[in-house]
Every structure is written in structure tokens, then in C-alpha cells.
Amino acid sequence: MAGPGIGAAAPRLSLLLLLLVVVFAGSSRHSRTVSSSSSCTHLEAAVRTCTYTVKVKTSCASPAPTSDAVSVAFGDAYRNEAYGARLPSAPGGRAFERCGTDTFRVSGVCGYGVCYLYLRRAGRDGWAPEWVQVTEPGPGAGEKPATFYFGAPLPDGVWYGHNRCPKAKAKAAGTAAAAARTNTTSAAASPLG
């Protein structure tokens with residue numbers, strides 16, 4: 001059996017250990033804060049926001065008119081992404097009319113060439129896009145916009161689109177299977193992943 005001195009020392013020892021943990025955590029947290037604030041400033045300078053021009057051509061086979069809500073997500077191979085939730089309807093509610101072309105402005109992180117685009121349709125009408133074209137801002141960027149072709153009604157409530165980004169070398173069979181699933185027109189739970 002332990003003597004009365006050992007039982008009384010246990011709470012003191014616990015208190016001492018707790019005090020040491022707090023002191024060391026506080027000192028390492030301070031050094032981490034200093035280094036992360038300088039790198040944070042560097043990262044904030046590196047991340048720029050751009051406004052992309054998105055043109056959407058509605059298929060002539062699409063129902064006229066539509067009340068479907070349409071969202072878009074697109075980006076580059078480096079996961080710089082832009083997202084437009086519920087693209088606004090044109091004045092008078094005449095967006096996404098059969099055979100029509102609508103232009104939207106979508107803000108997001110500046111990228112290095114749009115190589116994937118997904119659309120999400122929510123509604124009962126079965127809106128069908130013909131194509132979507134994304135033009136990046138900046139000198140020379142608009143010379144070759146990225147165009148993604150659809151031509152059929154989108155499934156309801158599912159992100160659906162194209163991923164033409166260059167594939168990284170597969171490290172495992174699972175990675176290769178996932179890449180194969182999303183490298184062409186596909187239905188996916190979310191493009192942002």
C-alpha cells in the first residue's frame with residue numbers, strides 16, 4: 001500500500017505536469033503564430049480573386065421557359081476554383097431560354113487555365129445546356145476561352161460536367177479508378193470534392 005505522502009504528491013505532480021504543458025504549448029504557439037503570420041501574408045498576396053465571364057448556350061431541345069435553378073463550378077488543375085450558386089436570371093426572369101445565350105460574371109480564385117466545369121440543375125423542367133464557355137480575365141487569357149459541350153438535359157440535383165485536367169500519375173489503383181470516373185462527362189456528388 002502506498003503511504004500518505006505518495007497520495008498527496010499525486011495531485012501536486014498532476015498540477016505541475018499541467019503547468020509545464022501550458023507553458024510549453026504557449027511558447028510553441030507564440031513561435032507558430034509569428035511564423036504563420038508572415039507566411040499568411042505571403043499566401044494572402046499569392047491568392048487573388050478574379051471575375052470570370054461565363055456564357056451559357058441553352059439547347060434548342062430544352063423546355064421553354066425554365067424555372068430550374070442552375071449553379072456552376074469550375075477551376076484549374078491546381079484546385080483554384082470558382083463557384084456560382086444559382087446563376088441569376090436575366091431581368092424579367094428570361095434566363096436559360098430555349099436556343100438563347102446568357103452571360104454571367106462569376107468571381108473566384110484566379111487560376112491557370114480552366115480545365116474542369118460542372119453544372120448543377122435543381123427543378124422540374126429538365127433544362128438542357130448546349131455548351132458553357134468560361135473566359136479568364138487578364139491579358140491574353142480571353143484569346144482562347146474554355147468551352148464545355150453538353151447537349152442533353154442535366155440530371156436533377158447532381159453536379160454533372162467535364163474534367164479535362166491533366167492526370168497526375170496514379171499512385172494507387174483507387175486513385176486511377178477515381179480519375180477514370182471523373183475524367184469525362186460524369187455525374188458526381190460534388191465537383192469541389
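These figures come from a predicted structure and were not determined experimentally.
- A 4.5 Å side-chain heavy-atom check between Y52 and F74 finds at least one atom pair inside the cut-off.
- At least one side-chain heavy atom of S67 sits less than 4.5 Å from a side-chain heavy atom of D125.
- For the pair W127 and T58, the minimum side-chain heavy-atom distance is below 4.5 Å.
- Considering only heavy atoms from C-beta on, V134 stays 4.5 Å or farther from P145 through its side chain.
- Although no hydrogens or angles enter the test, the distance criterion places a donor-acceptor pair under 3.5 Å between the side chain of S62 and the main chain of A128.
- Between D156 and V158 the shortest side-chain heavy-atom distance does not fall below 4.5 Å.
- Under the 6.0 Å distance and 45° angle rule, R164 counts as a cation-pi partner of F148.
- One distance of note links OG1 of T135 with NZ of K144; it measures 13.0 Å at 0.5 Å rounding.
- In terms of heavy atoms, R86 sits closest to S71 at N-OG, 2.9 Å.
- Separation of atoms CG (L119) and OH (Y160) is listed at 10.5 Å; rounding is to 0.5 Å.
- D76 contributes no side-chain N or O that, together with a main-chain N or O of E81, makes up a donor-acceptor pair within less than 3.5 Å.
- A donor and an acceptor atom, one from each side chain of E136 and Y112, are nowhere located under 3.5 Å apart.
- Between D68 and G126, the shortest heavy-atom distance links the atoms OD2-N, 3.1 Å.
- Of the N and O atoms on the side chains of R98 and S59, not one donor lies less than 3.5 Å from an acceptor on the other residue.
- What you find for C115 and A77 is that their closest heavy atoms are SG-N, 3.4 Å.
- Just one of V54, L87, T53 meets the side chain to side chain contact (heavy atoms under 4.5 Å, CB included) condition when paired with R105; it is T53.
- By the 4.5 Å heavy-atom criterion applied to side chains, F96 and D102 are counted as neighbours.
- Listed here is the closest heavy atom pair of C110 and T49: SG-C, 3.5 Å.
- Remark: side-chain polar atoms of N80 are not paired, donor with acceptor, to backbone N or O of V109 under 3.5 angstrom.
- For the side chain to side chain donor-acceptor pair (under 3.5 Å) criterion with T147, the lone passing option out of K55, K57, Q133 is Q133.
- Annotation: side chain of F104 is not in contact with side chain of V72 (no heavy-atom distance under 4.5 Å).
- Of the options Y118, F150, W131, Y149, a ring-ring contact (aromatic ring centres under 6.0 Å, His included) to H162 is made by F150 and by none of the others.
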